[in-house]
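Contents: one structure, followed by commentary.
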Amino acid sequence: MTSDFVRFGVVGGGAWGTALAQLLAADGAPVRLWAREEEVVLAINTQHRNPLFLPDAPLAPSLTASSDLADLAGLDALLVVVPVPYLRAVLEGLPSDNSPLIFCSKGMEAESFAFPVDIARDAFPARPRAVLSGPTFAHEVAAGLPTAITLAADDLALAEALARALARPHFRPYASTDVIGAEIGGAVKNILAIACGIVDGARLGLNARAALISRGFAEMTRFGLARGAQAETLAGLAGLGDLVLTCTSSNSRNFALGQGLGRGQSAAELMADRRTVAEGAFSAPVVAAAARAEGIDMPITDAVAHLVAGDASVADAVQALLSRPLRREGA
Ligand SMILES: NC(=O)c1ccc[n+]([C@@H]2O[C@H](COP(=O)([O-])OP(=O)(O)OC[C@H]3O[C@@H](n4cnc5c(N)ncnc54)[C@H](O)[C@@H]3O)[C@@H](O)[C@H]2O)c1
Ligand SMILES: O=P(O)(O)OC[C@H](O)CO
């Protein structure tokens, strides 16, 4: 079956944008990637590598890079992989086409409380929008290891067409119409991965980590259901699946950031001069504030927000979580 989506562009040359571009270019298909750093553009075009963000992955010669967003004009679909705090500014520079935008970043914007699709609705009201989210370490996707992911769009036919166009023998997108569920799963799991990293760094044990994963999932579910997400999405790849991945591996930048906090390093020290993102550090105060405003109980998210802000110690946060009144499970 022929696809409407053959010529892909990728907005963002970090680890995930590069891995997705490589996924699509591996069979020789031309893929255009926009990267902010000239050093990345030059290295992709001449050495077929991204030394700053995905140094160990050889890249296909059919993957070409540019630092000019205008070079993404006229393609069939764009994968947008810019960290959420910078997303609005980058979208403003995109050529105004009608092709779908597929959002692959996992976070919530400060002040507006907007998810990527909401930000795009402001910039491109008429453009079709989708979300790609799930348990997907970039280096594994670039290496061709088996991966499954949620692809959500309001329009099921669009979700299914994009899923078919992105699918590869080792990469299985599952179509969904639950856009908000896919976005909330990705944003909240990043915060919970920081919490699990803290437990690991502070040597609080595996019981504590399992408790955090399940009570964290309860927070994600409360927040998601209150915003219209479907329970199956939150229990699926974009929610629980990604939570399990990032809460159990120091390959997760969010988990690794938490490990540093748990060992007693300050967030400021851990974030200084860092080139890669731990989106959970940006999202924790935003999701905590949104939940507070909506009366949704998210104590773990709130604790991570305080620890990232540097206004609580790990011991204080653990004590605050453990001293909460006992309650019925599921309430
Ligand atoms: N790395 C992964 O395995 C992975 C997997 C799935 C989803 N994600 C999500 O993808 C998004 C991008 O993460 P990544 O891992 O590709 O990034 P990264 O940590 O590898 O790189 C940081 C990116 O931020 C960009 N950046 C920094 N300052 C900027 C600015 N002022 N304006 C615009 N861009 C700026 C850099 O150019 C670079 O592309 C995040 O939301 C992340 O949660 C990552
Ligand atoms: O390295 P992290 O913590 O940003 O996680 C990467 C992906 O989101 C895993 O699905």
Side-chain angles (χ1 to χ4, degrees), residues 10-23 33-41 43-44 50-57 65 67 69 79-94 102-109 115-116 119 131-143 145 147-151 171 173 182-183 185-197 200 236-260 271 273-284 286 304:
V10 176
V11 189
W16 189 218
T18 305
L20 285 167
Q22 169 59 19
L23 171 83
L33 177 141
W34 172 83
R36 182 169 166 268
E37 300 80 6
E38 291 293 349
E39 186 183 347
V40 169
V41 171
I44 289 179
N50 182 339
L52 295 193
F53 297 111
L54 202 61
D56 298 329
S67 57
L69 284 167
L79 293 145
V80 186
V81 205
V82 176
V84 173
Y86 315 122
L87 181 57
R88 196 176 284 273
V90 173
L91 286 181
E92 279 166 11
L94 271 191
I102 307 165
F103 291 93
C104 313
S105 321
K106 298 172 176 171
M108 194 183 200
E109 191 182 47
F115 287 102
I119 299 172
V131 170
L132 188 67
S133 188
T136 56
F137 282 142
H139 64 281
E140 293 193 12
V141 170
L145 296 177
T147 299
I149 192 163
T150 298
L151 198 159
F171 189 82
E183 292 195 296
V188 176
K189 74 84 193 173
N190 277 339
I191 301 166
L192 299 171
I194 295 177
C196 287
D200 189 74
L237 294 162
L240 186 58
D242 211 354
L243 190 59
V244 168
L245 180 74
T246 39
C247 286
T248 57
S249 169
S250 51
N251 281 332
S252 158
R253 289 89 44 95
N254 288 289
F255 185 92
L257 173 70
Q259 282 179 310
M271 307 280 278
D273 302 328
R274 132 177 227 139
R275 210 190 281 276
T276 59
V277 287
E279 278 268 25
F282 296 127
S283 299
V286 185
V304 172

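For ligands, and for the atoms within them, numbers begin at 1 and follow the listed sequence.
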Cys104 neighbourhood, listing ligand 1 atoms whose heavy-atom distance to it stays under 4.0 Å:
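Atoms satisfying the 4.0 Å criterion: 7 (C), 9 (C), 10 (O).
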
Output the list of atoms in ligand 1 that are nearer than 4.0 Å to some heavy atom of Val81, sorted by atom number.
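Those qualifying, in numeric order: 10 (O), 12 (C).
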
Looking at Asp242, Asn190, Thr246, which hits side-chain hydrogen bond (donor to acceptor under 3.5 Å, both in side chains) with Lys106?
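Among Asp242, Asn190, Thr246, the one meeting side-chain hydrogen bond (donor to acceptor under 3.5 Å, both in side chains) with Lys106 is Asp242.
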
Where does Arg275 meet ligand 1, judged by heavy-atom distances below 4.0 Å: at the side chain, the backbone, both, or neither?
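Just the backbone.
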
Nearest non-hydrogen atom to atom 20 (O) of ligand 1 belongs to which of Ala35, Ala15, Gly13?
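Looking at heavy atoms only, Ala15 sits closest to atom 20 (O) of ligand 1.
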
Option nearest atom 2 (C) of ligand 1 (shortest heavy-atom distance, choices Ala138, Ala19, Gly280):
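Answer by nearest heavy atom: Ala138.
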
N/O of [X] under 3.5 Å from N/O of ligand 1, yes or no?
X      : value
Ser105 : no
Gly14  : yes
Thr276 : no
Trp34  : no

Is the closest side-chain heavy-atom distance between Leu54 and Gln22 below 4.5 Å?
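A side-chain contact is absent here, since even the closest heavy-atom pair is not under 4.5 Å.
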
Partners passing salt bridge (Lys or Arg N to Asp or Glu O under 4.0 Å) against Glu37 (at least two apart in sequence or in another chain)
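Residues passing salt bridge (Lys or Arg N to Asp or Glu O under 4.0 Å) with Glu37: none at all.
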
Per-residue contact class, Pro135 against ligand 2 - non-hydrogen pairs under 4.0 Å:
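Backbone only.
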
For ligand 2, is any non-hydrogen atom under 4.0 Å from Thr246's backbone (N, CA, C, O), its side chain (CB onward), both, or neither?
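Only the side chain of Thr246 comes within reach of ligand 2.
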
Proximal atoms of ligand 2 relative to Asn254 (non-hydrogen, under 4.0 Å):
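Going through ligand 2 atom by atom, the ones under 4.0 Å from Asn254 are 2 (P), 3 (O), 4 (O).
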
Need the ligand 2 atom indices (1-based, order shown) with element for anything under 4.0 Å from a heavy-atom of Lys189.
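Near Lys189, the atoms of ligand 2 are 5 (O), 7 (C), 8 (O), 9 (C).
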
Please report which non-hydrogen protein atom sits nearest to atom 4 (O) of ligand 2, along with the residue it belongs to and the distance in Å to one decimal place.
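Of every protein heavy atom, Arg253 NH2, 3.0 Å lies nearest to atom 4 (O) of ligand 2.
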
